[in-house]
Amino acid sequence: MATIRELPSSEADTADTEGSGTIPRSDEDKAKAVDKCLEVLSRAKTDTEIFAALLLVTKLVQAEDTDAASRRKIFDGVGFTFLNRLIKTDKVPEGCDSSMYQSLAVTLLACFSTDPDLVTHPQMLNKIPVLKDIILSARTSVENVEKKSLIEDSFQILVAMATQDLGRKQLIGDGMVPALCDVYNKSYFGNEQAFSLLGILIEYCGEEIWETNRACLNELLSSMASEFKQIQDERKFKLCTRLTLLLTSSNELVPGENAVWAWDIHHGLSDILKSKTGQSQRNPALKLASFMMCQLGVSWALGPHGSDKKLLLLIINLACVEVRMGLEDSSQNVSNRDILPACYSVLESCIEFMTCGPSLSLDEKQVLQLHNAMTGAFGAVLFFLKENQFEPEKVDDPLVRATVRVLSVWLAEETAALRNQVYDVLPFVLSVIEKSFEEAKISSDLKEARNHTTVAQYPLFKSSSASTDLLRLMLPALCHLTADQEPRELLIMQGAMETCGKYFSYQWKQFEDKQGDQPEVALITLCNIFLNVSLQDTEAVKKAEVFTELYGLIANVLPKLAKQHENLVLSFNMAVLGLTLLKNLSNSASILDLSESKRFVGAVLQMFGNSHQCGKSGQCEIAPTYRQHWEDITELWMLGMQLLSECVGVFAWFASLFLQYDWMAAAVKLLTNVAGGGLDEETCTMYGVVLSSLCKHSSDVHSQLNQANGLELARKHNMLDLAVVLQAPPLDGPR
């Protein structure tokens, strides 16, 4: 590369004279200035002349009133051959700053970077490696003004690039993320700008920036957490926000739950939350605590030794206080309510931990304080929903949806407290969750991502209530509510059963498409909801078409489902619900076509008939394929047996299916092989109930059981009612 010689004083003076004076203001003057500048540049032959011309260009392009068209004209006229030499050369005239030429080139590039169209030009993007070297060349302090300006201009260019999609891709591809982490970790000059630039990349690209830089994330996280633990000044509060940004940018917390950084953050948060702080200082700490509990579990809040109950109770109490302050005061603006999603997350995590996790061994006073705090918070939640229920547009409000989400988690465990307030807002809650489901369904149909977008107005974590299927989260609460008369009647009146019917069909499709475990869990809960209504409100079943449609779906799919032993729990839930609906809809025209119903009942009989076997010791045992699921289906089996016995007396065609599908043969074999006293009381009772009903209403069953020594079997297993029935003539059909 040719050495760029020092610009002589006379030439410098000439350049300054030509470019000095008042910057042109009118459009005509600016156009003339641009043309004159480019003419000087085009006439330049030597390096010195080109350098002098570039000084003119730099002065003009830095002018605030230079428009985009003029800047583009200058950009096209400059040419990058000489500029590329300037930015790379390290040879300067004696006595001059080593970065003089480079600084001029970067200053010019910084001016061009203010134009979104120019900043992603290939000649700009290919400077990223050089700019990376520049920001890495600084150390703890930079005394040289020229050097400081060079670094600041470099960051200006990089930030401008990061605001453009093409620029971000190039920055990530050219290794800028490790460089920025290095600048920040080593406290180089510009480390604040480095983190700001990293923040922009995180905001736009999220997890993508860590895909090939996982070690950088680990190192940066450890460094920031260590500093967060140690410092005791205002910077501690700033680090709260930065740590939250960093942690929420990754789907994988690589270091794991036992990493040092997790406990460094615990220590730092304990310092803040146990001190007297204002809202502006406390809220970032609560957000960080919320994320840590969400990702690492509530046990993280108990500290490395699992004994710091005070911090956990403090976090919960502060979250409850913030919820009350944010929801009970309608004058609160959006910025003040920004903390609410974090507080909701704390409440959700704690409710789950307290119902499913180990005991916290709280004393009576702590239990009372915790209960009062939680009840107060959810009182505010219900107040807020009541205040908004008459505004139709509120069903789309992100804060309303987040509030419904946390309420659904609470109602899944607690339906006794604040009962009347809950009933008051149920219609509004139903409208919110139904809208949420419809959106989730559309999103699924379009193969779009579900449950992984950010709420623009109330950002906190990637997963948000604006994209969450709230109906799925509300299912456990609906299961509890349909068990009681008042809320059940209210839900039926508000069309909740129709919504649940649509949701059943949707989740069944998801299940058939093998969309993970969630559809199966949702279907089981839906079965329980419909079962609560079907068992306790037969009139509602007869009146609402949704129950007839649901029966049709179950009758159609169960024969195939019942053969899949891995889905045994779902099969039993659907079988029992189907039997309940069949019994309640006995007079419905929809089941006059018996072929489908008979196949359904046949599948049920095979499921129930294969559940028990005789063990080697003569004791009744659960069949191997049923054994691992028996705890989940025991009650369903007993309820199903009861329903089978009742249906025998309702449908004339029912009893013959017990013979056709070998249920009778399996039952007789079991009772014959099992020793007297070998049946547990409940199993013995249920077999006795079904067999008694069959013998009462079917002469064929009555005859076959007698021929199989039924009376002897009844006496052997102490089935007194069956013994009586076998000695009396059958009714031969339903009454």
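Every heavy atom of this structure was used, including side-chain atoms; hydrogens, water molecules and symmetry mates were not. Predicted, not measured: the structure shown is a model, and the values here were computed from it.
Ion pairing between a basic and an acidic side chain is recognised when a charged N comes within 4.0 Å of a carboxylate O; D469 and K441 show no such pairing. Ion pairing of E414 with R419 is absent here, as no side-chain N (NZ or NE/NH1/NH2) approaches a carboxylate O to less than 4.0 Å. Using a cutoff of 4.0 Å between basic side-chain nitrogens and carboxylate oxygens, E621 and K616 are not scored as salt-bridged. Ion pair K514/E520 not flagged as a salt bridge, since none of the NZ, NE, NH1 or NH2 atoms sits closer than 4.0 Å to an Asp/Glu carboxylate oxygen. By the 4.0 Å N-to-carboxylate-O rule, D484 lies too far from R488 to be salt-bridged with it.
Judged purely by distance below 3.5 Å, without hydrogens or angles, the side chains of D513 and Q510 never pair a donor atom with an acceptor atom. Y344 and E348 form no side-chain donor-acceptor contact under 3.5 Å, judged by distance and modelled atom types alone. Using modelled atom types and a 3.5 Å distance limit, the side chains of T685 and E681 yield no donor-acceptor pair. In the model, N528 has no side-chain atom that pairs as donor or acceptor with a side-chain atom of T525 under 3.5 Å.
Between the side chain of D680 and the backbone N or O of T683 there is at least one donor-acceptor pair closer than 3.5 Å. Checked by atom type and distance alone, the side chain of N556 never pairs as donor or acceptor with a backbone atom of G552 at under 3.5 Å. Distance alone, capped at 3.5 Å, is enough to place a donor-acceptor pair between the R401 side chain and the V395 backbone. At least one donor-acceptor pair closer than 3.5 Å links the side chain of S692 to the backbone N or O of G688. No side-chain donor-acceptor contact under 3.5 Å links N567 to the backbone of L570. No side-chain donor-acceptor contact under 3.5 Å links S345 to the backbone of P341. With hydrogens and angles disregarded, no donor-acceptor distance shorter than 3.5 Å links the side chain of W210 to the backbone of L217. When atom types are taken as modelled, the side chain of N584 and the backbone of S534 share a donor-acceptor pair closer than 3.5 angstrom. The backbone N or O of A723 lies less than 3.5 Å from a partner atom in the side chain of Q727, making a donor-acceptor pair. The backbone N or O of V689 sits nowhere less than 3.5 Å from a side-chain atom of S645 that would complete a donor-acceptor pair.
Aromatic ring centres of W663 and Y661 lie farther apart than the 6.0 Å criterion allows. The six-membered or imidazole ring of W637 lies near that of H612, with a centre-to-centre distance under 6.0 Å.
Here CZ of F572 is found 5.5 Å from CG of L568. Values are rounded to the nearest 0.5 Å. To the nearest 0.5 Å, the span separating OG1 on T415 from OH on Y423 amounts to 7.0 Å.
Few gaps surround CD on Q660; more than 12 heavy atoms of other groups in view lie less than 6.0 Å from it. Within a 6.0 Å sphere centred on NZ of K435, other residues, nucleotides and ligands contribute more than 12 heavy atoms. Atom CD of E631 is surrounded by 12 or fewer heavy atoms from other residues, nucleotides or ligands within 6.0 Å. Within 6.0 Å of CD on E682 lie no more than 12 heavy atoms contributed by other residues, nucleotides or ligands. More than 12 heavy atoms of other residues, nucleotides or ligands lie within 6.0 Å of CD in Q564, so this atom counts as buried by the packing criterion. By the neighbour-count criterion of 12 heavy atoms within 6.0 Å, atom CG of D517 is sparsely surrounded, having that number or fewer from other residues, nucleotides or ligands. Counting heavy-atom neighbours within 6.0 Å of E352 CD, excluding the residue itself, gives a total of 12 or less.
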- Evaluation steps, side-chain contact (heavy atoms from CB on, under 4.5 Å), between M641 and M638: CA-CA 5 Å; M641 292 287 277; M638 289 191 290; 5.7 Å; no
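When each of T538, I492, L491 is checked for a side-chain contact (heavy atoms from CB on, under 4.5 Å) with V533, only I492 meets the rule.
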